[in-house]
Amino acid sequence: MQTVGEVGERALIALLTEAARSDGETGDVVIGSGDDAAVLTPTGPVVVSTDTAVDGRHFRFSWSTGRQIGARTVVQSAADISAMGGVLSGVVVSIGCPPQTPVDRLLELNGGIVEQTHRYGARVLGGDLVAAESVVLTVTSIGSLKDLSPVTLAGARPGDVLAVSGPLGAAAGGLAVLSAVEDGADPALLTRYAGLVDDFRLPQPDPAQGPIAAAAGAHAMTDVSDGLVEELVTMSASSGVHLDVTTALVPRADGLDALAADLDVTPYRWVLTGGEDHELLAAFAPDTVPDGWTIVGTVDDGPAGASIDGGAVGDLRGWQSFTDT
């Protein structure tokens, strides 16, 4: 099995570039991967976001395939584009890895990045390959707002309702399964809750929901990457309003309640603090919530802050999952 160090940087970059060149065309991209730089002609303001994932902190090769890991970094970065109301045009990728990394592993990571970018109707625009002490993936997503205005964290207004674009807790539930089995729990949990494990390995948010919410007039929006509680705290501080969520209204991922019973825990910690589902949280005027979204709370003009079921978030803050930064 050849390693990265044995093949050499130029040969590897040629392999990675060739995979990216197979991209289909997108309207904003004039020149993609393979030249000195990419060239875009975006429609509307440009939206840019970067996410980095580090082996052992944000992912494990013992838990996920290289393709899943590569694809997941695209999901994480692109979710921020969607949260602003933007549409993804392309990604720029930097991969760092030790010289002893198998070439097949590098190609699997790159394959996952390319495939997920294609699923989003976008292109890999280029990137970099460097030596590093561990595998590090950095994905910079570039999108455009078309004819929409950006939706920031700061626009929530008293009288608004809070809504989420999909169920929460799946990624945290899947992580709980993997962690429990690693600690000696019945390996059958991996089969019984395969859907949750898959959602941890590769979350499946719908990036179209960001532009849909923006077109519906969302006043504030963010993706749920650090957990619903943390996103509430951040949005309330940015908007200068009070946000309250009713736990019973928050949609939960299928299988979460059964898993919680098997592990003798409450599912609500996963739902409220687990994060990494990358669904969207937004504030809307009450009669403008898009179809498919679920109203979970309210906005009022009290002191800036967040609460759950009318009470302080308390010890729910600061709880971190394996992949939190």
Side-chain angles (χ1 to χ4, degrees), residues 49 51 76 79-80 82-85 149-173 175 203 205 209-210 213-214 216-253 256 260 265-290 293-325:
S49 181
D51 273 87
Q76 292 169 333
D80 290 327
S82 178
M84 298 298 291
S149 297
V151 184
T152 71
L153 281 161
R157 308 170 187 176
D160 281 353
V161 295
L162 298 170
V164 293
S165 61
L168 302 180
L175 171 62
Q209 293 304 316
H219 294 153
M221 186 158 55
T222 189
D223 77 301
V224 183
S225 57
D226 296 324
L228 181 60
V229 166
E230 290 299 326
E231 310 305 350
L232 290 169
V233 171
T234 301
M235 185 179 288
S236 66
S238 296
S239 295
V241 293
H242 182 265
L243 310 180
D244 181 68
V245 161
T246 300
T247 302
L249 297 179
V250 181
R252 300 195 291 278
L256 212 59
V265 297
T266 172
Y268 293 113
R269 184 175 288 273
W270 298 330
V271 171
L272 296 175
T273 69
E276 296 149 14
D277 296 301
H278 300 290
E279 297 290 349
L280 299 176
L281 166 72
F284 298 92
D287 58 350
T288 64
V289 178
W293 287 62
T294 303
I295 295 175
V296 298
T298 57
V299 181
D300 63 54
D301 59 1
S307 58
I308 302 294
D309 299 325
V313 293
D315 64 357
L316 288 174
R317 289 206 68 194
W319 183 83
Q320 291 187 323
S321 70
F322 173 78
T323 58
D324 283 336
T325 56

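What you see is a predicted model; the values in this text were computed from it and never measured.
Under a 3.5 Å cut-off, the side chain of Ser82 and the backbone N or O of Gly210 do form a donor-acceptor pair. Side chain of Ser239 to main chain of Leu153: a donor-acceptor pair is present (N/O by atom type, distance under 3.5 Å, no hydrogens or angles). In terms of modelled atom types and a separation under 3.5 Å, the side chain of Thr246 and the main chain of Ala248 share no donor-acceptor contact. Put simply, the side chain of Asp300 gets close to the backbone of Gly302: a donor and an acceptor are under 3.5 Å apart. Between the side chain of Asp277 and the backbone N or O of Gly169 there is at least one donor-acceptor pair closer than 3.5 Å. For Asp244 (side chain) and Thr298 (main-chain N/O), no donor-acceptor pair under 3.5 Å exists by modelled atom type. With Thr288 contributing its side chain and Ala285 its backbone, the two residues share a donor-acceptor pair below 3.5 Å.
The two residues Ala304 and Ser236 make their nearest non-hydrogen contact at CB-O, 3.8 Å. Pairing each heavy atom of Ser238 with each of Ala154, the nearest pair is O-CB, 3.5 Å. Between Pro286 and Gly159, the shortest heavy-atom contact is CG-O, 3.4 Å. When all heavy atoms of Ala171 and Gly275 are compared, the pair lying nearest together is CB-O, 3.8 Å.
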Legend entry - Stepwise side-chain contact (heavy atoms from CB on, under 4.5 Å) test for Leu232 and Val313: CA-CA 10 Å; Leu232 290 169; Val313 293; 5.8 Å; no

Legend entry - side-chain contact (heavy atoms from CB on, under 4.5 Å) between Asp80 and Thr222, worked out: CA-CA 7 Å; Asp80 290 327; Thr222 189; 6.0 Å; no

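At least one side-chain heavy atom of Pro150 sits less than 4.5 Å from a side-chain heavy atom of Met84. At least one side-chain heavy atom of Leu162 sits less than 4.5 Å from a side-chain heavy atom of Leu243. Leu228 is listed as a side-chain neighbour of Val250, based on a closest heavy-atom distance under 4.5 Å. You'll find the side chain of Leu272 stays beyond 4.5 Å of the side chain of Leu168, heavy atoms only. Taking 4.5 Å as the limit, every side-chain heavy atom of Val164 sits out of range of all side-chain heavy atoms of Leu280. In this structure, the side chains of Val161 and Val299 stay at 4.5 Å or more apart for every pair of heavy atoms. Two residues are said to be in side-chain contact when any heavy atoms from C-beta on lie closer than 4.5 Å; Tyr268 and Thr273 fail this criterion. Residues Val241 and Arg157 form no side-chain contact, since every pair of their non-hydrogen atoms from C-beta on lies 4.5 Å or further apart.
With values rounded to the nearest 0.5 angstrom, Phe284 atom CZ is found 9.0 Å from Ile295 atom CD1. Taken from OG1 in Thr152 to CE in Met235, the straight-line distance is 8.5 Å, to the nearest 0.5 Å. A distance of 8.0 Å separates CD of Glu276 from OG of Ser225, quoted to the nearest 0.5 Å. Taking NE2 from His219 and CG from Asp160, the interatomic distance works out to 5.0 Å, rounded to the nearest 0.5 Å. The line from CE of Met221 to CG of Leu281 is 10.0 Å long, rounded to the nearest 0.5 Å.
In summary, the side chains of His242 and Ser307 do present a donor paired with an acceptor at a separation below 3.5 Å, with no hydrogens or angles considered.
Of the candidates Glu279, His278, Gln209, Ser165 forms a side-chain hydrogen bond (donor to acceptor under 3.5 Å, both in side chains) with just one, namely Glu279.
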